[in-house]
Protein chains: 2
Amino acid sequence: MDQSALLSAHARVRSSKLQKGRDVVISGSHNDCVYLNHDGWLARYKILHKGSRQIIDFILPGEVFGLPACLFQRALYSVATITDATVSTIPLDMIDNVFEKDPALAKTLFWSIAHEAAILGEHLIDAGRRSAYERVAHLLLELFVRLKRVRLTGERTFSIPLTQELIADALGLTTVHVNRTLRALRDDKLIAMDGRSIVIVDFEALSLLSDFEKSYLSELYGDPAQGARAKRSILS
Amino acid sequence: MDQSALLSAHARVRSSKLQKGRDVVISGSHNDCVYLNHDGWLARYKILHKGSRQIIDFILPGEVFGLPACLFQRALYSVATITDATVSTIPLDMIDNVFEKDPALAKTLFWSIAHEAAILGEHLIDAGRRSAYERVAHLLLELFVRLKRVRLTGERTFSIPLTQELIADALGLTTVHVNRTLRALRDDKLIAMDGRSIVIVDFEALSLLSDFEKSYLSELYGDPAQGARAKRSILS
DNA sequence: CGTTCATTTGAATCTAGTCAATTCAGGTGG
DNA sequence: CCACCTGAATTGACTAGATTCAAATGAACG
């Protein structure tokens with residue numbers, strides 16, 4: 001996401017610190033702000049009538065959220081903090097006028113949704129056509145690559161603040177089965193774990209078995225963030 | 001979708017008739033056109049290495065497709081016709097410039113993706129947290145409502161050109177199980193079927209059991225198509 | 001009328017869920 | 001410093017929903 005377009009274009013930005021476990025967007029209520037998550041983790045989710053929860057996606061440090069909620073009269077999903085987080089709030093009234101008045105902002109919002117839709121598509125494949133083993137592998141790789149882009153990983157290691165219950169709700173599994181699956185991945189020497197830090201032991205094998213292709217996480221055409229990344233990698 | 005913005009803004013529109021079973025967008029290759037589907041059904045899908053297929057969504061008459069594919073260097077998913085279809089092709093070079101040069105078109109494209117992301121989210125919940133019975137119910141209601149908006153249904157009846165295999169691939173099930181599930185829905189007097197035409201016998205019950213809320217299919221804020229629908233309903 | 005593709009049904013199997021108990025880690029208060 | 005509490009992780013035994021395999025029926029088409 002091109003954060004500069006968001007932040008600079010609008011003076012009325014508020015920043016605030018949030019504790020973990022707080023709802024930021026509430027499903028069913030109206031929402032007219034987008035948010036920039038600086039340093040925490042959040043989850044976008046929905047609860048069904050029988051009580052089960054589906055997590056639509058995780059929102060990592062540096063990512064924008066709350067946009068889809070702005071587009072509907074009532075937000076379809078809730079967004080809650082998983083960890084403490086500092087979040088900037090950007091009022092976005094009259095979204096309908098953004099296209100005429102602020103093309104740069106419009107472009108940023110556009111790529112933000114496009115990016116999100118791509119991730120959703122892959123999550124749908126997770127739940128629809130991958131086994132538990134494949135799903136967990138795929139999720140770990142996705143998180144690893146997304147975190148790597150914002151320099152929050154080691155070479156092969158990273159740490160996630162997710163409970164097995166959160167992973168289960170993101171993948172359409174149960175806690176118990178996620179636990180067993182993680183154990184299987186460890187036994188097979190594809191990953192290693194120590195508490196909540198994870199080592200990708202065999203990236204190649206994990207990619208193959210879970211049909212992971214990171215192109216859906218990047219390769220966006222004309223994405224302003226692309227340029228930023230390109231520049232960065234030239235410099236470093 | 002606001003088709004007029006798409007069609008009028010660009011002179012170089014080609015219309016063509018396609019037979020069923022043809023790929024229009026091919027996963028992995030570059031794509032720089034958006035398409036307007038006039039009268040057929042299409043499916044956006046991906047094949048995994050083990051051979052299984054996940055259908056991401058169906059593209060109904062009047063809907064736009066191929067946009068997400070434009071945004072990536074290589075299309076993430078393929079799109080194929082399920083029935084014969086007439087399709088308009090709209091070249092979309094320099095998508096990066098659209099925001100400055102053609103705000104109306106940009107707005108249309110934006111709502112198109114937003115709409116699609118909302119549907120994807122609901123499909124994710126289908127596959128992740130609904131039973132087979134709930135999934136099939138939910139899909140039928142979704143298709144019914146989407147078709148109703150373009151006046152392609154009766155009061156409670158509609159017809160779909162989908163094989164049970166296509167339904168299975170969209171919902172993350174097997175053909176056999178879709179068959180049994182449809183039977184169960186009939187036995188429970190929630191739907192009726194005659195060949196490929198379907199009667200929604202008990203809309204209310206189906207909605208409740210599958211957590212169907214049609215708001216994700218409409219209620220878009222500032223969606224140009226909203227205005228069009230409103231106008232239409234005033235006239236009729 | 002035979003071919004092909006889709007639907008339907010039965011039987012056996014398996015993946016993932018359910019239920020329940022135990023262990024573990026972090027945080028609290030005495 | 002230790003007993004206690006709580007939430008998360010683990011593990012086992014059993015169940016159930018969905019898949020797999022296989023075969024029969026039906027419908028559309030040349």
Worksheet entry | Nucleotide nearest B:V176 when distance is taken to its side chain, options C:dT9, C:dA16, D:dA18 | C:dT9
Discussion item. Distance check needed: D:dG7 P versus A:E165 CD, whole Å only.
Written reply: 11 Å
Worksheet item: Is B:R196 touching bases, backbone alone, or none of the nucleic acid, heavy atoms closer than 4.0 Å?
Response: sugar-phosphate
Worksheet item: So what does B:T175 hit on the nucleic acid, given a heavy-atom distance under 4.0 Å: a base, only sugar-phosphate, or nothing?
Response: nothing
Item to complete: Assign the ring pair B:Y216 / B:H138 to parallel, tilted or perpendicular, where the plane angle (0 to 90°) is split at 30° and 60°.
Response: parallel
Worksheet item: From D:dA8, C:dA16, C:dT8, pick the nucleotide closest to the side chain of A:T163?
Response: D:dA8
Fill in: Separation of C:dG17 P from A:R53 CZ (nearest whole Å)
15 Å
Worksheet item: With sugar-phosphate meaning primed atoms plus P, OP1 and OP2, does A:R180 contact a base, only sugar-phosphate, or nothing at under 4.0 Å between heavy atoms?
Response: base
Practice prompt. Give the rounded distance in Å between these two atoms: CZ of B:R135 and C1' of D:dG17.
Written response: 10 Å
Worksheet item: CG of B:L171 versus C1' of D:dT19: gap in Å, rounded?
Response: 15 Å
Discussion item. On the nucleotide C:dC5, are OP1 or OP2 found under 4.0 Å from the side-chain N or O atoms that B:Q164 carries?
Written reply: no
Worksheet item: With respect to the phosphate group of C:dT7, does any side-chain polar atom (N or O) of B:N179 fall under 4.0 Å of OP1 or OP2?
Response: no
Fill in: Whichever of A:L182 and B:T174 has its nearest DNA chain D nucleotide further upstream toward 5'
A:L182
Worksheet item: Separation of A:L173 atom CG from D:dG17 atom P, in whole Å?
Response: 17 Å
Worksheet item: Hey, does A:E122 have a side-chain heavy atom less than 4.5 Å from the side chain of A:L217?
Response: no
Fill in: OP1 or OP2 of C:dT9 under 4.0 Å from side-chain N/O of B:R183
yes
Worksheet entry | Proximity to the side chain of A:H177 - top-ranked nucleotide from D:dT19, C:dG17, C:dT8 | C:dG17
Worksheet item: So, does A:R129 use its side chain to make a donor-acceptor pair with the main chain of B:R53 at under 3.5 Å?
Response: yes
Worksheet entry | Whole-Å distance separating the CG atom of A:L162 from the P atom of D:dA9 | 10 Å
Practice prompt. For B:N37 and B:G40, indicate whether the former's side chain and the latter's backbone hold a donor-acceptor pair under 3.5 Å.
Written response: yes
Discussion item. Consider side-chain hydrogen bond (donor to acceptor under 3.5 Å, both in side chains). Of A:D169, A:T174, A:N179, which one does A:Q164 pass it with?
Written reply: A:N179
Worksheet item: Can you tell me how far P of D:dT10 sits from CD1 of A:I167, to the nearest Å?
Response: 10 Å
Worksheet item: A:K50 NZ to D:dG17 P: how many Å, rounded?
Response: 11 Å
